[in-house]
*Asks:* 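Structure below; questions to follow.
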Amino acid sequence: QVQLVESGGGLVQPGGSLRLSCAASGNIFRIDVMGWYRQAPGNQRELVAYMPDGRRIFYADSVKGRFTISRDNTKNTVFLQMNSLKPEDTAVYYCNAAIQTRGSAAFTVHWGQGTQVTVSS
């Protein structure tokens, strides 16, 4: 069994910063892509950024230059540094990861439970 646990959300003023973390644990053999999505009330879940293992990073246009994704493979953890936050960044942020468990040949996508980010004065 695999779990993704996010942390680091909260309330911040416009222009402020937050750093989200997501740690994967369990019967993990290998992790390929790790990424972040977000969902605002009334909206569909949207991709924010993803980081394949050793390949090119992707950012949504709306966050380029403000958000930075990184990962610590020794700790199976992905981070999202969010700077210059705007009210429109308010959403529940979810991490996900494509994980191969021990004894399996396939990668399966797993999701965290989500963490609320609110940008408001």
Side-chain angles (χ1 to χ4, degrees):
Q1 189 170 352
V2 172
Q3 276 191 315
L4 298 182
V5 178
E6 298 119 335
S7 60
L11 173 65
V12 64
Q13 292 187 342
S17 299
L18 282 175
R19 188 186 193 219
L20 306 183
S21 300
C22 173
S25 62
N27 186 29
I28 297 171
F29 176 65
R30 184 187 165 195
I31 301 178
D32 188 9
V33 179
M34 300 189 83
W36 291 93
Y37 287 70
R38 66 186 181 187
Q39 187 168 18
N43 289 358
Q44 290 187 331
R45 192 173 295 190
E46 63 175 0
L47 176 63
V48 176
Y50 71 78
M51 187 171 186
D53 188 15
R55 304 191 300 280
R56 188 172 179 177
I57 295 172
F58 170 86
Y59 291 101
D61 287 343
S62 59
V63 306
K64 279 181 182 176
R66 300 188 298 121
F67 291 11
T68 303
I69 188 172
S70 61
R71 57 192 282 182
D72 182 344
N73 289 337
T74 66
K75 297 181 179 179
N76 292 333
T77 300
V78 63
F79 305 95
L80 187 68
Q81 178 66 43
M82 305 185 293
N83 299 328
S84 302
L85 282 161
K86 305 175 182 179
E88 51 263 43
D89 294 318
T90 295
V92 178
Y93 284 70
Y94 299 89
C95 73
N96 82 342
I99 296 174
Q100 182 183 19
T101 56
R102 293 186 183 88
S104 173
F107 285 83
T108 303
V109 175
H110 298 265
W111 291 88
Q113 80 286 355
T115 185
Q116 177 70 45
V117 171
T118 302
V119 185
S120 175
S121 54

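Given the structure is predicted, the values throughout are model-derived calculations rather than measurements.
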*Asks:* Could you check whether atom CZ of Arg56 has more than 12 heavy atoms from other residues, nucleotides or ligands sitting under 6.0 Å from it?
*Replies:* no
*Asks:* Run the side-chain donor-acceptor check on residues 10-20: report pairs under 3.5 Å with partners two or more places apart or on a different chain.
*Replies:*
from, atom 1, to, atom 2, distance (Å)
Ser17, OG, Asn83, OD1, 2.9

*Asks:* Is there a side-chain contact between Arg38 and Asp89 (heavy atoms, below 4.5 Å)?
*Replies:* yes
*Asks:* Considering only heavy atoms from C-beta outward, does the side chain of Thr101 approach that of Val2 to under 4.5 Å?
*Replies:* yes
*Asks:* Could you tell me whether the side chain of Gln1 and the main chain of Asn27 form a donor-acceptor pair under 3.5 Å?
*Replies:* no
*Asks:* Can you see which heavy atom on Gly114 is nearest to which on Tyr94, and at what distance?
*Replies:* CA-CD2, 3.5 Å
*Asks:* Atom CZ of Arg102 and atom CZ of Phe29: how far apart are they, to the nearest 0.5 Å?
*Replies:* 8.5 Å
*Asks:* Do Arg71 and Asp53 come close enough that some side-chain heavy atom pair is under 4.5 Å?
*Replies:* yes
*Asks:* Would you call the rings of Phe58 and Tyr50 parallel, tilted or perpendicular if under 30° counts as parallel and over 60° as perpendicular?
*Replies:* parallel
*Asks:* Less than 4.5 Å apart, side chain to side chain, heavy atoms only: is that true for Tyr37 and Leu47?
*Replies:* yes
*Asks:* Quick one: are Trp111 and Arg45 in side-chain contact, heavy atoms under 4.5 Å?
*Replies:* yes
*Asks:* If you count every heavy atom of other residues, nucleotides or ligands that lies below 6.0 Å from Glu88 atom CD, does the total exceed 12?
*Replies:* yes
*Asks:* Are Leu80 and Val109 connected into the same hydrophobic cluster when the rule is that any two of I, L, V, M, F, W, Y join if their side-chain heavy atoms are below 4.5 Å apart?
*Replies:* no
*Asks:* Under 3.5 Å, side chain of Tyr59 to main-chain N/O of Arg66, donor-acceptor pair present?
*Replies:* no
*Asks:* Which atom names give the shortest non-hydrogen contact between Phe107 and Ala98, and what distance separates them?
*Replies:* CD2-O, 3.6 Å
*Asks:* Could you report the tightest heavy-atom contact between Ser70 and Met51, atom names first, then the distance?
*Replies:* CA-SD, 3.7 Å
*Asks:* So which heavy atom on Leu4 is nearest to which on Ala97, and how close?
*Replies:* CD1-N, 3.8 Å
*Asks:* Compare all side-chain heavy atoms of Ile31 with those of Asn73 and state whether any distance is below 4.5 angstrom.
*Replies:* no
*Asks:* If you draw a 6.0 Å radius around CD in Gln3, do more than 12 non-hydrogen atoms from other residues or ligands fall strictly inside?
*Replies:* no
*Asks:* Quick one: are Val33 and Arg55 in side-chain contact, heavy atoms under 4.5 Å?
*Replies:* yes
*Asks:* Quick one: are Glu6 and Val92 in side-chain contact, heavy atoms under 4.5 Å?
*Replies:* no
*Asks:* What is the minimum heavy-atom distance between Ile99 and His110, and which atoms define it?
*Replies:* CB-CD2, 3.8 Å
*Asks:* Are Val48 and Phe79 connected into the same hydrophobic cluster when the rule is that any two of I, L, V, M, F, W, Y join if their side-chain heavy atoms are below 4.5 Å apart?
*Replies:* no
